[in-house]
Chemist: 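One structure follows; several queries about it will come next.
Throughout, a chain's letter reflects where its sequence line sits, starting with A, and its residues are numbered from 1. A quick note: this is a predicted structure, and the numbers were derived from the prediction, not measured.
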2 protein chains.
Amino acid sequence: MATLHNKFCNFTSMDMLSIDHILKRNQLSVTDSRKKILELFKEHNGALAHNDIEKKTGEKFDRVTIYRTLQTFVEKGIIHTIPTPDNSVRYALCKDECSKGHHHDNHVHFVCDICNVTYCLDSVVTPEVNLPQGFKPSLIDVVVTGRCKNC
Amino acid sequence: MATLHNKFCNFTSMDMLSIDHILKRNQLSVTDSRKKILELFKEHNGALAHNDIEKKTGEKFDRVTIYRTLQTFVEKGIIHTIPTPDNSVRYALCKDECSKGHHHDNHVHFVCDICNVTYCLDSVVTPEVNLPQGFKPSLIDVVVTGRCKNC
DNA sequence: TAATTATTTGCAACTTTGTTGCAAACCTAT
DNA sequence: ATAGGTTTGCAACAAAGTTGCAAATAATTA
Ligand SMILES: [Mn+2]
Ligand SMILES: [Mn+2]
Ligand SMILES: [Zn+2]
Ligand SMILES: [Zn+2]
């Protein structure tokens with residue numbers, strides 16, 4: 001397996017192919033901004049906020065483009081949103097099962113108070129909740145705040 | 001028990017006293033804006049966003065005052081915040097056990113997709129979550145979205 | 001009750017975050 | 001290589017949130 005080595009990217013060619021593939025699979029044209037933002041999600045182990053992406057890409061892309069790219073990715077089921085107590089939307093990569101308008105990210109999220117990293121705890125399945133009579137759930141978000149394993 | 005009847009308020013004198021009492025108990029001076037905002041929370045059965053309060057109070061108070069009042073109330077444990085998937089902070093009255101810097105609102109929240117009302121489901125206690133090794137929870141937010149009992 | 005002190009408010013000015021329309025640039029397919 | 005559809009960046013705007021400070025209000029003291 002060949003490895004690409006330029007100063008901007010420490011991805012293997014397989015990773016690159018997979019990024020292109022994710023876009024194509026979702027009928028999205030392969031553009032610089034979409035590739036770069038997907039790369040960021042792949043290399044960053046945790047969730048990213050709009051602002052994180054803006055910083056990590058430097059001045060490379062317009063703010064509007066980032067907003068639109070994130071929207072598109074959410075719609076296509078490539079990333080999902082995570083509500084947080086401090087009310088800043090964060091985004092993380094979906095598993096392969098998610099698709100256009102159909103998310104299946106039924107895992108618990110953890111936001112570290114100290115390092116501020118947001119984890120997708122894929123192994124922790126969203127618990128059952130017994131709602132009062134008449135309430136019909138369609139989505140359950142569980143966000144745990146505390147001290148993470150690295151802090 | 002006497003009842004106050006003017007066009008602005010359908011509160012009993014007991015309610016009014018209790019509003020004053022909540023403020024005094026928390027070492028807050030009793031001002032028009034604080035009384036009015038607390039009143040809104042008492043009469044509205046559900047959570048309110050900053051914007052709801054701005055609308056319901058008309059032009060009566062400055063936007064900044066509302067921001068500061070909500071902050072103060074959260075700090076004192078009079079209201080608590082509710083994270084929502086659409087990322088608009090909402091606030092709801094705490095039970096009496098909450099106090100300065102020490103919230104005990106361990107109940108599930110429900111946001112209706114249709115009428116958009118946010119409920120504190122006081123009877124539904126936050127479920128246990130088994131976190132992976134090394135993660136120490138300090139707060140668990142459970143937000144359920146769906147169709148409410150009135151929709 | 002009146003004067004004094006401490007707290008809160010409103011305003012202005014500003015920053016950050018998010019939205020929209022449109023022409024130029026880019027990607028894809030022929 | 002070209003044509004057609006899509007995406008991007010820009011500009012202009014709207015909404016949300018923050019800060020400093022002087023004036024107004026509430027609490028305390030005399
Ligand atoms: Mn996740
Ligand atoms: Mn609540
Ligand atoms: Zn941490
Ligand atoms: Zn409803």
Chemist: Could you state the CD-P distance from A:E54 to D:dG9, rounded to the nearest angstrom?
Modeler: 12 Å

Chemist: Checking contacts here: which listed nucleotide (C:dA12, D:dT8, D:dA16) is nearest the side-chain heavy atoms of A:T69?
Modeler: D:dT8

Chemist: Give the rounded distance in Å between these two atoms: CG of A:D52 and P of C:dT17.
Modeler: 10 Å

Chemist: Could you tell me how far apart B:D62 (CG) and D:dG20 (P) are, to the nearest whole angstrom?
Modeler: 16 Å

Chemist: Applying side chain to side chain donor-acceptor pair (under 3.5 Å), which residue pairs with at least one partner in residues 55-66 of chain B are found, sequence neighbours left out?
Modeler: B:N51-B:K55

Chemist: Compare all side-chain heavy atoms of A:L70 with those of A:I53 and state whether any distance is below 4.5 angstrom.
Modeler: yes

Chemist: Is the shortest side-chain heavy-atom distance between B:V89 and B:H50 below 4.5 Å?
Modeler: no

Chemist: Indicate, with yes or no, if the rings of A:F73 and A:F41 have centres closer together than 6.0 Å.
Modeler: no

Chemist: Taking the nucleotide of DNA chain C with the closest heavy atom to each, which residue, B:V64 or B:S33, is nearer the 5' end?
Modeler: B:S33

Chemist: Encode nucleotides 22-30 of chain C as B, S and - characters from 5' to 3', where the letter depends on protein heavy atoms closer than 4.0 Å: B to the base, S only to sugar-phosphate, - to neither.
Modeler: -----SS--

Chemist: In terms of side-chain heavy atoms of B:V89, which of D:dG17, C:dC11, C:dT19 is nearest?
Modeler: D:dG17

Chemist: Quickly work out the A:N26 CG to D:dT6 P distance and round it to whole Å.
Modeler: 16 Å

Chemist: Bend angle of the helix from C:dT1-D:dA30 to C:dC26-D:dG5 from five-pair axes at both ends, rounded to 10°?
Modeler: 30°

Chemist: Please give, in whole Å, the distance from D:dT28 P to B:Q27 CD?
Modeler: 11 Å

Chemist: Would you say A:N51 reaches C:dT17's phosphate, i.e. side-chain N/O to OP1/OP2 under 4.0 Å?
Modeler: yes

Chemist: Starting at atom NZ of B:K76, determine the distance to atom P of C:dT7, rounded to an integer number of angstrom.
Modeler: 11 Å

Chemist: Using the ring centroid of each side chain, check whether A:Y91 and A:H80 are separated by less than 6.0 Å.
Modeler: no

Chemist: Please name the pair of heavy atoms, one in B:C148 and one in B:C115, separated by the smallest distance, quoted to 0.1 Å.
Modeler: SG-SG, 3.8 Å

Chemist: Would you say B:K42 and B:I22 make side-chain contact, with heavy atoms under 4.5 Å?
Modeler: yes

Chemist: Would the B:Y119 and B:H109 ring centres measure less than 6.0 Å apart?
Modeler: no

Chemist: Given atom OH of A:Y67 and atom P of D:dA15, what is their separation to the nearest angstrom?
Modeler: 15 Å

Chemist: Whole Å only: how far is the CD1 atom of B:I66 from the P atom of C:dT8?
Modeler: 17 Å

Chemist: Does a sphere of radius 6.0 Å around CG in B:N87 hold more than 12 heavy atoms from other residues, nucleotides or ligands, not counting ones at 6.0 Å or beyond?
Modeler: yes

Chemist: Would you indicate what A:R63 reaches in the nucleic acid, counting non-hydrogen atoms under 4.0 angstrom: base, sugar-phosphate, or nothing?
Modeler: base

